[in-house]
Amino acid sequence: MNQMNPEGYTTADGRKIGPVLMEMKNITLRFGGVKAITDISFDIREGEIRAIIGPNGAGKSSMLNVISGFYVPQEGEVWFKGYKRGPMKPYQVARLGIARTFQNIALFDGMSVLDNIMTGRLTLMNSGLMAQAMWWGTAEKEETAHREKVEKIIDFLEIQAIRKTPVGRLPYGLKKRVELARALAAEPKLLLLDEPMAGMNVEEKEDMCRFILDVNDEFGTTIALIEHDMGVVMDLSDRVVVMDYGKKIGDGTPDEVRNNPDVINAYLGVSHD
Amino acid sequence: MFYREAGDFKTSYADDSQTFPIRFDRLRYYAVIAVAFGIVPFVINDYWANAVFVPFLIYAIAALGLNILTGYCGQVSLGTGGFMAVGAYACYKLMTAFPEVSILIHVLLAGGVTAVVGVLFGLPSLRIKGFYLAVATLAAQFFLVWLFNKVPWFYNYSASGQISAPERTILGQAVTGANTTASAKYLFCLIILFALAWLARNLTRGTVGRKWMAIRDMDIAAEIIGVNPLTTKLSAFAISSFYIGVAGALFFAVYLGAAEVGEAFGIQKSFLILFMIIIGGLGSIFGSFAGAAFMVLLPVLLKNVLVGQLGWATDLAAHVELMIVGALIVIFLIAEPHGMAQLWRLAKEKLRLWPFPH
């Protein structure tokens, strides 16, 4: 199968998928006596859209939290860009180039949309405290340069009109979009999306799908996403990991996964006669 | 009618993110500065300086400091009085130990000393939040006041246990001590306040300010976008304490002249400054000024009305004044929980449309 080629492969629609970007090796995560994740291994390739699916409580969000550094697994290794990653704080993970969005929106309600997206670029801005206090030279130049980048993302996600609105006043669908914008502003290598379509109507979902595909296409960002809408998952993703009760029960292209008997059992139940 | 954005197009991002984007606002700001620097120093007398202007300027510095910590970074502090005391005693020790060095440098160094102490007492904020942190900073308040009372070295072994500011001059003008003129006190505090307010505005509009606000609004999300909570919280504590230390040094050296720690920098001071930023508006530079003005002016105004106009006895007026101030604070917080800064914003929104309803 061409997907096993370590140098990468080309998808049916002609997108280039590169070598492995992130690899999870035998991850086990326990909370006291509860095993949230049991011995899971999978990889994410450069330029790919990788979905993680599974029924409720399968450990998908825990997996994302392991990747983004909130949880440190008891066993297993996390490899990123060919290096083994030691235990890290979330802000250190962010500096490696991993950005994420949350299932329940985690925006800064007191700040405007523009400021929220600008926070996404914090890891890329490095003028000192004194320069900032004076606001002459470097600090102002840096601010303007990053503002230009942020404006591109604002254009890209079509949220120009709400630039200066405080985030607390926005409706749900727009908040999701602003959160995506904030994650994109960091110019991540790997973008983690935790249920980007949850609670959206059909039109909003279509918009979001379009944005995800565009992000992947235009910026070449690798995306790992958790989603419950099967139609979305099967359409968007290149490969799918299926989890159930903390274990991996399937891994492969959408078609392979769809026909995997274990996956069908997990989703539809199994007859006991 | 004049308060319009129409026709005022911004063609660069720097223009768009300036402090006063509306032209009328900008002009009004320049006018206030011109009056404050160009007219007030020449007409000010001792009563106005001591009752209104100097305390307002000094409290505004302290309120800016606490607003950076509480309003922008979301860390509640009840140790303001204690930190002001650190500034005052640091300034006193420096003034008496190095009489030849300029008082301006002493005041700034006192701020620096307070910043170090503030970081020290800010360390618990990495573990605890909200009310629990408030209690931890309350401990700082009591500990610091106790320390300055108990260790005679801090007040140079003076018999009264008080510290008193010797005369110091800047450019030949006395700014501390008995011979200071009203306008010298006023200008000295005004210049420091102006510089510090300008720095605060710059800090809060850029990366540093965004980090603080990110921690305030949602610390988990802040961490995930690369904000280091340790350095961010401690930088807020350091800068906030610097402001409060400078305010404490000025309060002692310029305003009071002589101070006893429990009286001048007790827990009431912490609450007073917390009220200022809550009434003025959390997370707003303008709010720090408005809150300080409200809390300084209201008692003076009430006293003038009750004693001067209505002819009440002073003790009765003093008690009624407390009740009225308390009631006003409660009413204010119910009517506008986001403080005077929010009222000001709403007024501006309305003004932009006036005289048209929509």
Side-chain angles (χ1 to χ4, degrees), chain A residues 65 68-70 89-102 105-111 114-116 118-136 139-148 150-151 163-164 167-168 179 182-183 185-186 188 192, chain B residues 5 10 12-19 21 68 71-74 115 126 195-232 234-236 238-239 242-243 281-284 338 342 345:
Chain A
N65 283 335
S68 60
F70 274 118
K89 298 264 188 228
Y91 68 86
Q92 294 168 316
V93 173
R95 285 170 198 179
L96 285 181
I98 299 180
R100 72 170 285 182
T101 66
F102 289 82
I105 300 160
L107 286 167
F108 309 122
D109 279 351
M111 299 157 75
L114 184 63
D115 274 335
N116 263 281
M118 286 293 278
T119 59
R121 296 192 70 80
L122 283 177
T123 50
L124 306 169
M125 297 171 86
N126 44 23
S127 69
L129 195 70
M130 282 300 156
Q132 298 243 338
M134 294 299 166
W135 205 253
W136 282 325
E140 193 176 5
K141 267 192 215 123
E142 189 181 44
E143 178 91 0
T144 308
H146 285 275
R147 172 82 189 268
E148 271 166 28
V150 163
E151 288 291 339
R163 224 187 245 121
K164 298 258 168 105
V167 161
E179 206 189 10
R182 186 182 67 189
L192 309 172
Chain B
E5 293 152 283
K10 307 290 186 296
S12 74
Y13 292 132
D15 274 355
D16 190 46
S17 59
Q18 62 187 328
T19 308
I68 285 177
Y72 283 98
C73 196
L126 306 173
L196 288 182
W198 180 71
L199 292 178
R201 164 63 189 155
N202 284 343
L203 283 174
T204 50
R205 77 202 288 195
T207 326
V208 182
R210 285 196 205 101
K211 280 185 187 170
W212 290 338
M213 289 188 270
I215 288 281
R216 171 194 70 189
D217 283 348
M218 194 168 278
D219 49 359
I220 292 179
E223 240 186 302
I224 207 70
I225 56 167
V227 176
N228 182 345
L230 177 92
T231 54
T232 305
L234 290 188
S235 72
I239 290 165
F242 176 83
Y243 278 62
L282 290 168
S284 154
H338 295 294
Q342 179 66 16
R345 264 192 292 269

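Values in this document were obtained by computation on a predicted structure and should not be read as measured data.
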Which bit of [X] comes within less than 4.5 Å of chain A, counting heavy atoms only: side chain, backbone, both or neither?
X: Ala200(B); value: neither
X: Ile220(B); value: both
X: Arg205(B); value: both

Write down the atom of [X], the atom of [Y], and the distance for their closest heavy-atom approach.
X: Ala221(B); Y: Phe102(A); value: CA-CE1, 4.4 Å
X: Pro90(A); Y: Ile224(B); value: CB-CD1, 4.2 Å
X: Lys211(B); Y: Leu122(A); value: CG-CD1, 3.6 Å
X: Tyr91(A); Y: Val227(B); value: CB-O, 3.4 Å

Region of [X] in contact with chain B, defined by heavy-atom distances below 4.5 Å:
X: Leu107(A); answer: backbone
X: Glu179(A); answer: neither
X: Lys164(A); answer: side chain
X: Glu140(A); answer: side chain
X: Ala99(A); answer: neither

Give the member of [options] that has the highest number of heavy-atom pairs under 4.5 Å with chain B.
options: Gly120(A), Ala133(A), Ala94(A), Gly110(A); value: Ala133(A)
options: Glu148(A), Met125(A), Lys141(A); value: Glu148(A)
options: Lys89(A), Glu142(A), Arg121(A), Glu151(A); value: Glu151(A)

With respect to chain A, which residue among Met213(B), Arg216(B), Glu223(B) yields the maximal number of heavy-atom pairs within a distance under 4.5 Å?
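Winner by heavy-atom pair count: Glu223(B).
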
Assert top hit (heavy-atom pairs under 4.5 Å, partner chain A, pool Ser235(B), Ala214(B), Gly283(B)) equals Ala214(B)

Given the options Thr119(A), Asn116(A), Asp115(A), Arg210(B) meets side chain to side chain donor-acceptor pair (under 3.5 Å) only with Asp115(A)

Next on the checklist: Less than 4.5 Å apart, side chain to side chain, heavy atoms only: is that true for Thr207(B) and Gln132(A)?
Outcome noted: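 Yes, side chains in contact.
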
So, do Ile225(B) and Arg182(A) sit near enough that their side-chain heavy atoms are less than 4.5 Å apart?
yes

